[in-house]
Structures are given as structure tokens and as C-alpha cells.
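See structure below.
What's counted below: heavy atoms across the whole structure, side chains too, no hydrogens, waters or symmetry copies. Since we're looking at a predicted model, the values are computed, not measured.
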Amino acid sequence: MEICKIGTSNVNSVAKLMADIKPDWWDFEGALQQLQDASMLAKLVGWCMEEDGKPQGWILCAEFEGYSYLSIENLGYDDHGIFVMEQQLEPLLNEAEKYAREKGYRNLKYVIGSTDMSCHGRPLLNYADELRNLKSHHREHFDYFIDYGFYPTGFIPHCYGENYHGIIMIKSLLF
């Protein structure tokens, strides 16, 4: 597979992939807008993996220069028609990490939904206690990002709906 930067030559293909593989999250127009939205406070940068010129996976990041971090905004891979966000994307995670290090950023950030986590489906009480006692109930996506070097550092309560929280994950690039 070849890693390509998302740009004018492939943005439509990546948007189609996003809409095809996860239509409950994006339609084509919404995916295309997100991939090209220059009105964000951050600069967007992304990469895709292609096979025979066709995108198979992508990672879209936002650069927060002032805070010295690169934020993973969304990512996905088409594993024979199944949407996945784990090992298959490691080449793209490596590319994003390399880019962030080259820019001198100190952290990678990613927000993971609380599905299959100990905090899911209920209000968060004491955030420090919640973070200290956070458990994955065999959530492959969370466990993969832990193995990749990310650590849970906080919450965005109810960001995906009532009692459906975002878990803020950080990977330090200082080591």
C-alpha cells in the first residue's frame, strides 16, 4: 500500500469511502465538507492509504500549533466492507506521529467514545476518580490505542449524547 496526502486529486474518493463505510456518521457531502473545511480554528492535514489507486483507509488531523499538538479528528479503514479503526491504520498513525514530531509538536490527541467502557451510560461524578477507575470491557479500539502509547487524560461529558462521553487520550511525543 502507498500512503498519500489527502488533496484535490483524491478528496472525493476519500469522502466516498467515508460515506460508504460509515454512512451513519457521514454522507458524501458531510464527509467532503469535513475534509476541506478551512474555517476551523486549526489547520487540517490528513493522509490515506490506497491500493490500486483506491483509498482503503484515512486519518484526518487538526493541527493546534499554539498548543503544540496534533489532534486525530477521524480515521477509518475498509476491512473487506467492515469499518475498523485499529491495527490496519497503524501506518497512518505512524505517518501522523512522524509529521507531528517534524513540526515540533509535543502531543498527539484523540477522543474515543465511551462505548464498552466503565463510564458509559451513566453520569460522570468525580472526574479524577472516574479516570483513575476507568476500565475497558474488552473494547478493542481503546485497548489498541493504549498499546500504541496513548493514555486517558480526561473526559468530554455527554459529547456523543446523554451519558455517552468522550475520553480524551494523549500520547506524549517528548520521549
Side-chain angles (χ1 to χ4, degrees), residues 6 14-15 17-47 57-78 82-90 92-93 96-97 99-100 105-173:
I6 296 173
V14 175
L17 170 66
M18 292 167 71
D20 287 347
I21 198 71
K22 199 65 175 161
D24 53 321
W25 286 4
W26 300 282
D27 61 14
F28 175 79
E29 291 78 20
L32 191 60
Q33 180 182 4
Q34 189 167 22
L35 288 168
Q36 301 180 102
D37 190 0
S39 67
M40 289 181 64
L41 295 175
K43 176 184 167 195
L44 295 178
V45 61
W47 300 268
W58 79 94
I59 187 169
L60 180 66
C61 301
E63 292 184 58
F64 291 89
E65 212 171 294
Y67 296 112
S68 192
Y69 77 90
L70 186 68
S71 176
I72 299 168
E73 297 300 307
N74 62 61
L75 64 155
Y77 185 83
D78 179 356
I82 298 169
F83 177 75
V84 295
M85 301 185 294
E86 291 87 30
Q87 292 84 355
Q88 298 88 333
L89 288 167
E90 195 158 320
L92 293 174
L93 288 168
E97 184 173 337
Y99 178 84
Y105 295 151
R106 296 192 272 305
N107 297 289
L108 279 177
K109 177 187 145 247
Y110 183 47
V111 177
I112 293 179
S114 62
T115 302
D116 294 330
M117 301 296 294
S118 58
C119 63
H120 189 70
R122 60 176 181 74
L124 296 174
L125 302 174
N126 180 308
Y127 290 6
D129 287 344
E130 295 281 1
L131 199 54
R132 189 173 18 267
N133 298 318
L134 185 65
K135 300 277 187 276
S136 165
H137 299 298
H138 307 291
R139 170 92 188 270
E140 184 179 357
H141 186 58
F142 179 84
D143 296 341
Y144 172 75
F145 273 83
I146 291 291
D147 290 343
Y148 189 80
F150 281 80
Y151 291 93
T153 60
F155 297 99
I156 305 172
H158 315 289
C159 73
Y160 300 115
E162 187 174 346
N163 296 323
Y164 188 178
H165 314 294
I167 301 167
I168 301 168
M169 306 287 288
I170 299 291
K171 179 178 182 179
S172 175
L173 301 178

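Partner of M18 under the side chain to side chain contact (heavy atoms under 4.5 Å, CB included) criterion, out of F28, F83, W58: W58 alone.
Counting heavy atoms from C-beta on, the side chains of K109 and I72 never come closer than 4.5 Å. With contacts defined as side-chain heavy-atom distances shorter than 4.5 Å, the pair Y144/I112 does not qualify. Counting heavy atoms from C-beta outward, N163 and P123 have side chains that approach closer than 4.5 Å. A 4.5 Å side-chain heavy-atom check between L35 and V14 finds at least one atom pair inside the cut-off. When side chains are defined from C-beta on, D24 counts as touching K22, because their heavy atoms get closer than 4.5 Å. No side-chain heavy atom of I59 sits under 4.5 Å from any side-chain heavy atom of L89. Contact check for E97 versus Y148: side-chain heavy atoms found under the 4.5 Å cut-off.
For the atom pair NE2 of H120 and CG of L134, the computed distance is 13.0 Å after rounding to the nearest 0.5 Å. Rounded to the nearest 0.5 angstrom, F155 CZ and I167 CD1 are separated by 6.0 Å. In this structure, CE in M169 is found 8.0 Å from OG1 in T153, a value given to the nearest 0.5 Å. Between the CG atom of L93 and the CE atom of M85 there is a distance of 11.0 Å, given to the nearest 0.5 Å. Atoms CG and NE2, on D143 and H137 in that order, are 11.0 Å from each other to the nearest 0.5 Å. Between the SG atom of C119 and the OH atom of Y127 there is a distance of 10.5 Å, given to the nearest 0.5 Å.
Shown here are the side chain to side chain donor-acceptor pair (under 3.5 Å) partners of H141, two or more places apart in sequence or in another chain: E86, Y110.
A donor-acceptor contact shorter than 3.5 Å links the side chain of H165 to the backbone of R122. With hydrogens and angles ignored, the 3.5 Å screen pairs no side-chain donor or acceptor of S114 with any backbone N or O of M117.
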Checklist entry - Going through the checks in order, is the side-chain contact (heavy atoms from CB on, under 4.5 Å) test met by Y69 and I170? => result CA-CA 9 Å; Y69 77 90; I170 299 291; over 6 Å; no
Next on the checklist: As a quick check of understanding, evaluate side-chain contact (heavy atoms from CB on, under 4.5 Å) for L75 and L92, giving each step before the final call.
Outcome noted: CA-CA 9 Å; L75 64 155; L92 293 174; over 6 Å; no
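Relative orientation of the F150 and F145 rings is perpendicular, given thresholds of 30° and 60° on the angle between their planes.
Of all the heavy atoms in L125 and E130, the pair that sits closest is N-OE2, 3.1 Å. Shown here for T115 and R139, the closest heavy-atom pair between the two residues is O-NH1, 2.8 Å. Nearest heavy atoms, L70 versus A96: CD2-O, 3.4 Å. What you find for A62 and A42 is that their closest heavy atoms are CB-CB, 3.7 Å. Considering all non-hydrogen atoms of both residues, F64 and S71 come closest at CE1-CB, 3.9 Å. Contact between A19 and D27 at its shortest, heavy atoms only, is CB-C, 3.7 Å.
More than 12 non-hydrogen atoms from other residues, nucleotides or ligands lie less than 6.0 angstrom from CD of E90. By the 6.0 Å contact criterion, OH on Y67 is open, its count of non-hydrogen atoms from other residues, nucleotides or ligands being 12 or less.
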